[in-house]
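Reviewing the structure listed below.
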Amino acid sequence: MENSANVKRKRVSEDSPGRTPPSQLQQKRIKLLDSRKQLPIWQRQKDIRDALRDHDVLILSGETGSGKSTQVPQFLLDQPWCRFPGKIAVTQPRRVAAISLARRVAEEMGTPLGSSSPASKVGYSVRFDESTSPSTRIKFLTEGMLLQEMLRDASLRQYSCVVVDEVHERSVNIDLILGFLRQLQTRRKGLKVVVMSATADVGSLRRFFAARLPEYAQPDQKTTSDRSQEDDALETDANDASWHGFSDEDSHDSGSDIATCHVEGRQYPVVTQYLDTPTEDTIEASLHRIFQIHCKEPTPGDLLVFMTGQETIQSLQKLIEEYALGLTADYPRMLVLPLFAALPQAAQQQIFQPTPRNSRKVILTTNIAETSVTVPGVRFVVDTGKAKVKQFRNRLGLDSLLVKQISQSSADQRKGRAGREAAGQCYRLYTEEAYKSLDKDNTPEVLRCDLSQAVLTMKARGVGDVLAFPFLTPPPKEAMEKALLQLLELGALDEHGKISPIGRKIARLPLTPALGRVIIEAATPEMDCLVEAIDTVACLSVEHIFLAIDTEEGREKAQVARRQLLRRQGDHLTYLAAVQAYAAEPSDRRRWAEDHMISHRAMQSVMDVRKQLTAQCRQAKLLQKQEAHPAADEATQERIVKCFLRGFSANVARVCPDGSYKTFAGNQTVAIHPSSVLFGRKGEAILYNQFVYTNKAYARDVSVVQLRWLEEALQ
DNA sequence: GAGCACTGC
């Protein structure tokens with residue numbers, strides 16, 4: 001263990017280069033102690049220590065502002081049970097949170113951060129950035145990083161305690177970690193687990209940790225078949241959060257080894273207003289409400305409007321700006337700012353600029369502002385009550401992305417955004433009855449996604465019978481079986497369901513199993529195109545590299561700017577050309593990206609992923625001294641696409657006489673997505689990486705394939 | 001001829 005920790009320490013981190021003198025660190029610590037004592041959780045210090053002295057599991061609920069993420073690890077550090085092996089892991093859903101919490105806790109403890117000093121007691125570990133020291137006691141890390149650590153040591157032997165934060169978010173990774181910890185506690189006595197959630201209702205978590213293992217691992221048969229019917233009907237609402245693996249009936253609550261604790265949050269009051277009658281037109285209703293608030297309420301006080309996506313945000317922005325022209329000079333000025341993930345970084349930064357005097361920011365946002373981005377200065381929230389939700393359909397192997405009603409907890413989260421700095425107001429553009437009829441919680445991601453990666457994650461960490469894995473919310477059996485079949489087809493599992501050597505290699509890669517399989521295929525002597533495959537796969541595993549353009553004129557400009565990069569064979573080879581050209585650019589890469597209307601931010605991530613994949617392939621002995629082939633080599637290009645065929649053999653469609661495409665697997669009609677270079681073109685058959693239903697079924701990331709390649713692949 | 005919310009290894 002110590003060895004691997006030392007090796008990791010050599011990796012880069014972004015700590016401040018100069019070391020802070022110890023006396024300054026202590027001064028800062030003493031100064032911060034006063035504000036720590038003001039936190040609601042400070043009073044509960046003894047309760048929390050006692051709870052974990054007497055129990056192995058603590059479920060801690062507390063809203064934002066309680067201070068639980070920073071204080072709980074510090075409360076536990078000097079406890080006798082925490083002396084050996086001595087480390088505390090605290091998981092976080094997002095990289096920025098892991099890093100900033102580590103920085104804050106290091107300051108509060110008066111210790112240097114991470115790798116800046118061998119004496120540092122607090123560190124962090126996120127992808128591409130690890131900052132720990134030999135003395136690290138508290139480590140903040142993303143959920144994915146903890147799962148990666150479990151590949152090296154499934155028993156997590158360096159930790160005395162694992163704290164899982166933000167459990168209410170219910171990502172697949174959180175559910176996997178909870179299941180692993182639940183299993184681990186039966187064979188590693190003394191491992192303490194703290195589960196922290198913003199939701200006060202912790203009944204299902206309690207039952208989960210209290211139940212005897214074999215009994216609750218069985219999925220509920222009745223509910224499973226209900227869900228599979230729903231799966232057939234594309235349009236039905238599958239957002240049924242009332243479905244839980246842990247209903248009161250299957251509770252085996254002994255309660256003996258589980259402590260629970262609730263901590264008050266620290267929020268200003270927020271007044272909620274509902275509509276008297278429901279509305280169909282949320283854009284119109286938002287427009288109306290925004291101007292009402294703006295004309296009636298004093299400044300300062302910014303306004304945050306929750307919408308579904310880029311398109312609705314941009315049309316509402318246009319409407320507001322038109323209407324704002326009619327406002328007299330008596331009213332404050334209005335600054336309308338959109339906020340969504342695809343927005344370039346510079347535009348996103350605008351929301352952090354201070355609002356000028358006598359003006360009001362009106363921020364139109366997706367649910368990025370619900371959890372990931374905290375917008376300062378907000379006193380008013382307008383909530384349309386809707387969000388786009390992704391749902392995987394097993395039968396069709398298709399992701400749908402449709403507008404759905406949000407859950408109550410999501411609505412409450414949005415409302416809370418108005419009360420972070422002062423008392424606020426929240427206007428819900430739906431009736432109070434509608435609110436009461438919403439699902440209580442968000443549907444856990446594990447019920448909404450392709451499970452192949454989760455299943456391979458389990459297999460690689462020693463879970464033999466994945467159908468018996470303790471899920472907080474067991475997915476339908478069909479979904480698990482579909483994932484097992486897909487892994488078998490990829491050769492990641494053998495016919496007995498055991499993980500194969502190929503499967504182990506794929507599981508180490510930070511990729512979906514299908515993309516991982518492409519890498520493995522490309523490394524074979526027959527295919528011999530690993531360098532190219534890494535570049536292409538790296539591009540496919542980050543956000544879209546081509547900047548979105550919304551005018552006809554812009555599109556023509558983009559066509560010209562990108563002309564040398566576009567490949568008639570399709571998106572895969574186009575991405576490869578773009579990565580190769582970017583990587584070969586000797587001087588100003590930012591300039592190159594601008595010239596080609598490519599996102600520099602996306603290309604930087606591509607280069608990070610490329611570096612990581614290259615290192616991992618070298619470690620796995622997949623990559624020896626292989627060099628890139630000349631760019632124009634057509635035989636290589638053909639082999640690259642064939643490698644993708646190995647990973648995505650189910651994602652193939654043939655052209656029909658009417659010019660549409662139909663999938664081989666399910667005879668589904670599929671259209672080439674407008675973002676593809678093949679949009680509007682025809683080939684005898686296409687291969688695609690993603691199959692997404694929005695307003696119709698689209699293939700994304702598409703290349704032309706020949707029918708005889710498919711026959712070869714089937715041999 | 002139409003465009004995907006958000007995380008993460």
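None of the values given here were measured: they were computed from a predicted structure. So you know, we letter chains A, B, ... as the sequences are listed, proteins then strands, and number each from 1.
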Mind checking [X] for me? I need base, sugar-phosphate or nothing, with any heavy atom below 4.0 Å counting as a touch.
{"X": "A/H673", "result": "sugar-phosphate"}
{"X": "A/N695", "result": "sugar-phosphate"}
{"X": "A/S372", "result": "sugar-phosphate"}
{"X": "A/Q310", "result": "sugar-phosphate"}
{"X": "A/L401", "result": "base"}
{"X": "A/Q690", "result": "base"}
{"X": "A/S675", "result": "nothing"}
{"X": "A/F679", "result": "base"}
{"X": "A/L147", "result": "nothing"}
{"X": "A/R508", "result": "nothing"}
{"X": "A/E143", "result": "nothing"}

field: Listed partners of A/Y661 passing ring pair (Phe, Tyr, Trp, His ring centres under 6.0 Å), at least two apart
entry: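 For A/Y661, no residue satisfies ring pair (Phe, Tyr, Trp, His ring centres under 6.0 Å) once neighbours in sequence are set aside.
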
field: Residues forming a ring pair (Phe, Tyr, Trp, His ring centres under 6.0 Å) with A/H544, sequence neighbours excluded
entry: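 Residues passing ring pair (Phe, Tyr, Trp, His ring centres under 6.0 Å) with A/H544: A/F546.
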
message: Both A/F340 and A/T512 contact DNA chain B. Taking the nearest nucleotide for each, which residue is further toward the 5' end?
response: A/F340

task: With DNA chain B as reference, determine whether A/K390 or A/P510 sits nearer its 5' end, using the nearest nucleotide of each.
output: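 Looking at DNA chain B, the more 5' nearest nucleotide goes with A/K390.
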
- prompt: Would you call the rings of A/F648 and A/F644 parallel, tilted or perpendicular if under 30° counts as parallel and over 60° as perpendicular?
  reply: parallel

message: Suppose we screen for side-chain hydrogen bond (donor to acceptor under 3.5 Å, both in side chains). Which residues come up paired with A/E311, at least two apart in sequence or across chains?
response: none

Please table the atom pairs, donor to acceptor, closer than 3.5 Å between any side-chain atom in residues 504-516 of chain A and protein atoms at least two apart or in another chain.
| residue | atom | partner | partner atom | Å |
| --- | --- | --- | --- | --- |
| A/T512 | OG1 | A/L515 | N | 3.3 |

field: chain A contact limits on DNA chain B, taken 5' to 3' with a cut-off of 4.0 angstrom to heavy atoms
entry: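 Contact boundaries, 5' end first: B/dG1 to B/dC9.
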
- prompt: Think A/R393 forms a cation-pi with A/Y693, using NZ or CZ under 6.0 Å from the six-ring centre and within 45 degrees of its axis?
  reply: no

Salt bridge (Lys or Arg N to Asp or Glu O under 4.0 Å) partners for A/D535, two or more places apart: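 So A/D535 forms a salt bridge (Lys or Arg N to Asp or Glu O under 4.0 Å) with A/R610.
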
